[in-house]
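Structure first, then comments.
Both ligands and their constituent atoms are indexed starting at 1 by order of listing.
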Amino acid sequence: MKFISTRGRAPSLSFADTVLTGLASDGGLYVPESLPKFSQQEIAEMAGLNYCELAFRIMWPFVAEDLSEDEMRGIIERAYANFRHAAIAPLVQTGHNEWVMELFQGPTLAFKDFALQFLGQLFDLLLKKRGEKVVVLGATSGDTGSAAIEGCRHCENIDIFIMHPHNRVSEVQRKQMTTVLSDNVFNIALEGNFDDCQNMVKASFADQSFLPDGRRLVAVNSINWARIMAQIVYYFHAALSLGGPHRPVNFSVPTGNFGDIFAGYLARGMGLPINQLVIATNANDILHRCISANDHSPQPLVHSLSPSMDIMVSSNFERLLFDLYDRDGAAVAELLADRRAPMKLDELALEKARSLFSSERVGDERTVEVIREVFESTEYLLDPHTAIGMEAARRARKSNAEPMVCLATAHPAKFAEAVDTALPGTSVPLPHHMQDLLEREERLQVLPNELSAVHDFISRALA
Ligand SMILES: Cc1ncc(COP(=O)(O)O)c(C=O)c1O
Ligand SMILES: N[C@@H](CCOP(=O)(O)O)C(=O)O
């Protein structure tokens, strides 16, 4: 399978080259040239498979030309070996036909583990085969960073640099990253917000001349296609557990960079019957405004109680635009390049987007109420991101007869502030392997919001 750029001007690449390239040379994102499709019978036959076997079946068509079956199975087995639940992504019922899919059972307690533990294993294999050493550069609003560090810290062929917005991630999130003291792990606290971190990552991919010894950058953010690919699997897993493909299943997805919900959109494109995909945003609601009002104007970033979704520039929306504009890379490039006014979708594209997604915005006040209400009625504790997804699901839902799955994207222990605001005095214990996290020694570098400062730091660290 070949992968092509959403801006139509970069060379098409194999799966392995796509994974190790990150951003396309024309500034676009890689997507598969065509999407593999499963028939309803093929999907029905996947019912009852364990998570790893299901992951193999769903992802195999994307990787078959670059990996052997044994290599792919090995990567998957190792990626999910440290999850704390036998189901890997267990479902918990919270209401009539309403389910929470717990995507926080991995080592770093957020859905990012699904793709990043997989990606770490994949990098390790590909880089060993090529005898190549690379530099991983990532931006995080709190969760990608720790999952990427956990996935990559054992890879001999990787030095990993993760930028997070200084003082804008929770204490648990920060410590999960900064207490990993391995020689190949570097944490940068940038005096800016997540969008600044992500812009720096993209600018660094565009000009990599600051790297020594001909080394190249590799991406762990969802600009990397393999991230999205691994996230498609759990949509199939949930639907198969709830009667799919014989009945449609719907999903509500707390959304920031548009990666997770885009994976759901792809699952539907691969044949999984999904009627509703609900985009759930916090006060940083550009995606909700775009779908509901064709308003794509950037607003100042708000610091919310769901900090991982404090994102204004949603990378993966470009992948959707590519499809909305009939895979016309030139049209996407033009739409994104025109900086005279905020982007506006044309009528046809807007109509298509509205037929594909519902959207809702949930502010802090309601987020806190939902955490409290759900806990009082079911004793189930939601993290703030998941609470946003659940509220959006309840508002946007069109049929109570079809299952609605709310993606629980993080463990509540990561977000003590929101939990304490909702339920004063409630402390959520960290899982056993993280019991002493808050006492561990930290290492991080605070840097000004300047590309040159980041590049200097990286080149000195690598020297
Ligand atoms: C806990 C949590 N929930 C939801 C999201 C949104 O996911 P995405 O960026 O894939 O839309 C993120 C990160 O962005 C996150 O860390
Ligand atoms: N919420 C994310 C933001 C980065 O998104 P990504 O999916 O593109 O890596 C985070 O926790 O860092």
Side-chain angles (χ1 to χ4, degrees), residues 22-23 29 101-104 106 108-116 119 136-149 151 162-165 168-170 172-174 176-177 187 190 193-199 201-202 219-228 230-232 234 251-266 277-282 284-288 301 304-320 357 359 362 367 382-390 392 406-415 418:
L23 213 56
L29 303 184
M101 176 160 52
E102 293 186 340
L103 299 176
F104 52 71
T108 68
L109 318 190
F111 77 100
K112 309 286 180 176
D113 280 324
F114 278 82
L116 282 159
L119 193 59
V136 163
L137 179 62
T140 187
S141 54
D143 294 318
T144 292
S146 55
I149 289 170
I162 296 292
M163 279 184 272
H164 69 264
R168 294 294 176 204
V169 298
S170 77
V172 170
Q173 287 178 314
R174 191 191 72 243
Q176 282 182 294
M177 299 186 277
N187 279 287
L190 194 80
N193 59 36
F194 171 76
D195 287 339
D196 297 321
C197 298
Q198 180 157 256
N199 284 341
V201 168
K202 289 185 177 172
V220 279
N221 284 106
S222 53
I223 55 177
N224 192 322
W225 165 255
R227 283 276 315 273
I228 306 291
Q231 291 173 209
I232 298 171
Y234 48 69
F251 293 89
S252 179
V253 188
T255 308
N257 236 352
F258 205 72
D260 206 6
I261 194 155
F262 190 72
Y265 159 82
L266 294 174
L277 279 171
V278 183
I279 295 171
T281 76
N282 65 16
N284 299 295
D285 60 352
I286 189 161
L287 291 166
H288 168 57
L301 208 66
S304 75
L305 284 174
S306 44
S308 301
M309 283 162 35
D310 291 347
I311 299 175
M312 194 57 68
V313 184
S314 251
S315 285
N316 287 285
F317 199 67
E318 177 163 346
R319 287 186 163 119
L320 178 68
F357 299 98
S359 75
V362 182
T367 304
L382 302 172
D383 100 287
H385 307 79
T386 310
I388 289 171
M390 185 173 283
C406 306
L407 269 52
T409 50
H411 191 294
K414 284 187 132 176
F415 302 101

Please walk me through it: do Val220 and Ile162 pass side chain to side chain contact (heavy atoms under 4.5 Å, CB included)? CA-CA 9 Å; Val220 279; Ile162 296 292; 4.2 Å; yes
Step-by-step side-chain hydrogen bond (donor to acceptor under 3.5 Å, both in side chains) determination, Asn316 to Arg319: CA-CA 5 Å; Asn316 287 285; Arg319 287 186 163 119; 2.6 Å; yes
Can you list, by chain and residue number, every protein residue with a non-hydrogen atom closer than 4.0 Å to ligand 1? Phe111, Lys112, Asp143, Pro254, Thr255, Gly256, Asn257, Phe258, Gly259, Asp260, Ser308, Met309, Ile311, His385, Thr409, Ala410
Are any side-chain N or O atoms of Thr255 and backbone N or O atoms of Phe258, one a donor and one an acceptor, separated by less than 3.5 Å? no
Could I get the full list of side chain to side chain contact (heavy atoms under 4.5 Å, CB included) partners for Ile286, not counting sequence neighbours? Arg289, His296, Met312
Check Tyr234 against Asp260 and note the closest heavy-atom contact, atom names and distance. OH-OD1, 2.5 Å
Could I get the full list of side-chain hydrogen bond (donor to acceptor under 3.5 Å, both in side chains) partners for Thr281, not counting sequence neighbours? none
Let me see the working for Leu320 and Phe262 under side chain to side chain contact (heavy atoms under 4.5 Å, CB included), right down to the final yes or no. CA-CA 7 Å; Leu320 178 68; Phe262 190 72; 4.2 Å; yes
Under a strict 4.0 Å criterion on non-hydrogen atoms, which protein residues are in contact with ligand 2? Lys112, Thr140, Ser141, Gly142, Asp143, Thr144, Phe194, Asn221, Ser222, Arg227, Asn257, Ser308, Ile311
Rounded at 0.5 Å granularity, tell me how far CH2 in Trp225 sits from CD1 in Ile223. 14.0 Å
Could you give me the CA-CA distance, side-chain angles and deciding distance for Ser308 and Lys112, then say whether side chain to side chain contact (heavy atoms under 4.5 Å, CB included) is met? CA-CA 11 Å; Ser308 301; Lys112 309 286 180 176; over 6 Å; no
